[in-house]
Amino acid sequence: MMVEAANSTSRRPKLVEARTVVAGNALAEAVVRRAEALLAGDQRALLATADAFGAAATSPRERRCSPVAPIPPAA
């Protein structure tokens, strides 16, 4: 854990940049939040990302872009 913490400072600027790049994309934002939680070793935040992934999967934009989007019923 100590070695990871020492290396984590060099990764934080990349996560800050990633947050900016993915802004507005709920699924990508959840991935970045998960990476931040893993980097920090924050289990509570890591578990909370499950909710973020769930919410991202239910956003209209993510449903349209999903390769497993439900097929609308025939008219």
* To do: Could you walk me through whether L15 and L39 pass the side chain to side chain contact (heavy atoms under 4.5 Å, CB included) test, one step at a time?
  => CA-CA 10 Å; L15 287 173; L39 185 61; 3.5 Å; yes
* side-chain contact (heavy atoms from CB on, under 4.5 Å) involving A37 - partner list, sequence neighbours excluded ->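 Result, side-chain contact (heavy atoms from CB on, under 4.5 Å) vs A37: A45, L46.
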* Asked: Among pairs that include at least one residue of residues 42-52, which meet side chain to side chain donor-acceptor pair (under 3.5 Å), considering only residues two or more places apart or in two chains?
  -> none
* side chain to side chain donor-acceptor pair (under 3.5 Å) contacts touching residues 26-38 (sequence neighbours left out) ->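 Applying side chain to side chain donor-acceptor pair (under 3.5 Å) to every pair that reaches into residues 26-38, excluding sequence neighbours, yields R19-E36.
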